[in-house]
There are 2 protein chains.
Amino acid sequence: MNLGSRDLRAVIALVEERNFTRAAQRCHLSQPAFSALIRTIEEGLGARLFERSTRNVELTPEGRLFESSARRALADLDAMVDDFRDHATRRKGRVAVAALPSLAAGWLPAVLAEYRRRYPGIELELFDTLSDGCIALVRGKRVDFALASAAGDDAEFSTEVLCSDGFYLVCPHGHPLAAVDKVRVKDLQRHPFVHLARSSSVRQHLEAAFHPLRMRTVLEVEHLASVAGLVKAGLGITVVPELTLFHFERAGLVVKPLQARGLARTIYLVRRRSGRLSAAAQALYDLALERLPAPRRRRAGRRLIG
Amino acid sequence: MNLGSRDLRAVIALVEERNFTRAAQRCHLSQPAFSALIRTIEEGLGARLFERSTRNVELTPEGRLFESSARRALADLDAMVDDFRDHATRRKGRVAVAALPSLAAGWLPAVLAEYRRRYPGIELELFDTLSDGCIALVRGKRVDFALASAAGDDAEFSTEVLCSDGFYLVCPHGHPLAAVDKVRVKDLQRHPFVHLARSSSVRQHLEAAFHPLRMRTVLEVEHLASVAGLVKAGLGITVVPELTLFHFERAGLVVKPLQARGLARTIYLVRRRSGRLSAAAQALYDLALERLPAPRRRRAGRRLIG
DNA sequence: CACACTTACGATATTCGTAAGGATT
DNA sequence: AATCCTTACGAATATCGTAAGTGTG
């Protein structure tokens with residue numbers, strides 16, 4: 001037998017109205033159609049739900065059991081439908097995203113804030129971790145997608161370029177390099193360097209860019225804020241991508257675009273290839289693409305990405 | 001929107017089969033009809049439940065939420081229908097009945113035993129109490145109906161005669177009355193009486209029958225078994241209805257029908273007038289009427305009830 | 001080209017509302 | 001007589017299955 005929410009509503013309406021005519025109105029049906037509906041339900045169940053006399057309509061003793069179950073079942077069905085719609089329309093939900101620490105601290109918060117304004121009912125979760133960690137979180141389904149610099153296996157992951165992130169020299173005011181017009185990679189070779197850890201994507205790009213030149217490493221730390229402090233104190237210079245510059249500008253350091261063709265890291269949106277993103281996740285994904293990190297106008301007047 | 005158990009079954013079939021053709025077979029539908037059904041459900045919900053590519057069918061992330069709810073809701077609906085049917089067909093249920101102590105000890109147990117054989121899934125509850133208590137239990141909805149000697153208010157209760165219960169003299173062997181051929185009420189006047197409590201229906205019938213004659217009361221007790229013991233010990237005689245005779249015959253006493261027109265108590269089936277009995281209660285009610293207490297062939301050869 | 005889902009379409013069932021019928025107060 | 005549920009019946013609607021269409025591996 002096929003019992004639907006419509007049927008349950010009809011039964012409950014009749015229980016409450018104790019009158020076919022009024023219950024029919026509540027169900028937007030003519031009274032005979034409503035009568036037939038109740039009859040059909042009763043036939044499907046195999047026994048009467050209501051005891052009718054011309055002047056009175058009331059539940060049978062078995063009908064009374066049915067009523068309480070029916071109310072619960074109808075509430076469950078309605079809640080189920082509402083919940084589905086809420087998720088589909090992004091009134092409810094949850095998005096988990098992984099992002100490189102530089103993005104998580106600089107550009108992403110504004111995007112998340114806008115997302116939250118648009119979809120206040122959706123819970124957000126952010127993992128700020130290095131690229132390998134980001135990819136692992138995507139693989140392990142801990143996050144819906146990641147903002148990372150390394151694109152993983154193409155069979156497992158679907159990647160899309162978010163932006164290209166050019167590299168900048170950072171040095172203290174008064175440093176010899178601060179006066180150089182166009183800084184080239186080989187200009188840096190003689191100066192002591194403060195580095196990020198080898199596991200960071202920034203460092204890996206740098207190593208590749210300098211090869212086969214050597215760098216004079218004085219210190220190696222985990223966090224960009226530490227790098228900024230060390231450079232500020234005159235321990236060395238550093239080279240970092242554009243999206244991290246807010247750290248150094250806040251610290252009152254000189255930042256200068258590096259004249260180095262091909263020295264740029266690419267930031268990708270990375271997600272699992274199988275399945276699709278939830279409505280909530282897709283909306284954040286799309287918003288990220290809309291609010292691309294705006295490249296600053298470089299001294300040379302070129303834009304990094306079209 | 002109208003979401004039915006049929007719809008839920010279709011969704012669940014498709015989740016499990018991940019294939020429209022096989023899921024359609026499970027639902028006894030042609031594949032296009034099944035496809036249309038899923039489409040209709042999705043339109044009603046306002047978003048896709050399934051992601052289809054020609055070679056693969058899988059739930060959307062929102063659909064995954066829906067699935068688990070749908071399984072629960074479907075199980076609830078099915079359980080609700082099954083439960084209703086079980087109650088309507090007397091595979092489940094509960095009957096509470098009140099009965100006079102004489103009936104509860106003598107005739108009723110065999111009826112209950114037969115009922116239980118027929119409907120082993122139905123719980124039984126029996127209150128053995130005096131007539132007023134029986135009526136009160138009916139009024140308070142503690143029992144479905146009662147077997148009592150007093151019919152209550154006709155507006156509140158519906159009553160039906162179960163049987164008429166004739167009165168018998170009970171005396172010890174060798175007692176002068178044991179030899180009398182046809183015992184009349186006035187023959188008893190001179191003998192000491194053992195009585196039931198004034199609140200019992202038996203006593204009330206007796207008082208009416210003897211009026212205006214006086215009875216020589218020696219003792220007054222609550223239980224028939226006590227009366228039997230006292231009569232056996234020679235303290236007096238007693239008069240009791242036929243349905244209690246098993247007590248006295250077991251005790252080896254003489255029982256003789258009383259020649260007294262109109263001296264009989266009527267046993268009624270008493271139930272509330274409003275509402276109807278549950279299927280389980282109605283079955284016991286009907287069985288009681290089928291298994292009427294069989295009147296014994298009296299010496300005079302007359303039957304008390306037709 | 002084979003498989004799987006969708007669309008098209010005519011046939012069948014179901015459901016609907018109006019009007020008449022019947023029962024109860 | 002008034003009220004309320006049921007039955008009757010033609011019309012509108014929904015659902016079904018067959019057959020053709022479309023897209024993907």
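In what follows, chains are A, B, ... by sequence order, proteins preceding strands, each numbered from 1.
Side-chain contact between A/Arg6 and A/Leu37: present, with at least one pair of heavy atoms (C-beta onward) separated by less than 4.5 Å.
When all heavy atoms are compared, the tightest approach of A/Thr159 to A/Tyr268 is CB-CD2, 4.3 Å.
Between the side chain of B/Ser69 and the backbone N or O of A/Met80, no donor-acceptor pair lies under 3.5 Å.
The distance from atom CD1 of A/Ile38 to atom P of C/dC16 is 12 Å, rounded to the nearest whole Å. Taking atom CD on B/Glu51 and atom C1' on D/dT24, their separation rounds to 15 Å, with Å as the unit. When the P atom of D/dC5 is taken as reference, atom CD of A/Gln25 falls 11 Å away, rounded to whole Å. Summarising the geometry, the separation between CZ on B/Phe20 and P on D/dG17 is reported as 16 Å, rounded to the nearest angstrom. Rounding to whole angstrom units, CG of residue A/Leu14 and P of D/dC4 are separated by 13 Å. The nearest whole Å value for the distance from the CD atom in A/Gln31 to the C1' atom in C/dT15 is 15 Å.
Of the residues near DNA chain D, A/Arg22 and B/Ser53, the one whose nearest nucleotide (by heavy atom distance) lies more toward the 5' end is A/Arg22. Between A/Arg55 and A/Ala33, the residue anchored closer to the 5' end of DNA chain C is A/Ala33, taking for each the nucleotide with the nearest heavy atom.
OP1 or OP2 of C/dC5 lies within a sub-4.0 Å distance of a side-chain N or O belonging to B/Thr21. Side-chain nitrogen and oxygen atoms of B/Asn19 include at least one within less than 4.0 Å of the OP1 or OP2 phosphate oxygen of C/dC5.
Taking the side chain of B/Arg39 as heavy atoms from C-beta on, and the options C/dT7, D/dC5, D/dC16, the nearest nucleotide is C/dT7.
Note on A/Leu29: only backbone sugar-phosphate atoms sit closer than 4.0 angstrom, heavy atoms only; bases stay farther off. Across all strands shown, A/Ser30 has heavy atoms under 4.0 Å from base atoms, whether or not it also approaches the sugar-phosphate.
Side-chain atoms of A/Arg52 stay outside donor-acceptor range of the base of D/dC4, with no qualifying N/O pair under 3.5 Å.
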The test is side-chain contact (heavy atoms from CB on, under 4.5 Å); show your working for A/Ile122 and A/Arg90 and say whether it passes.
CA-CA 7 Å; A/Ile122 295 182; A/Arg90 299 180 283 265; 3.7 Å; yes

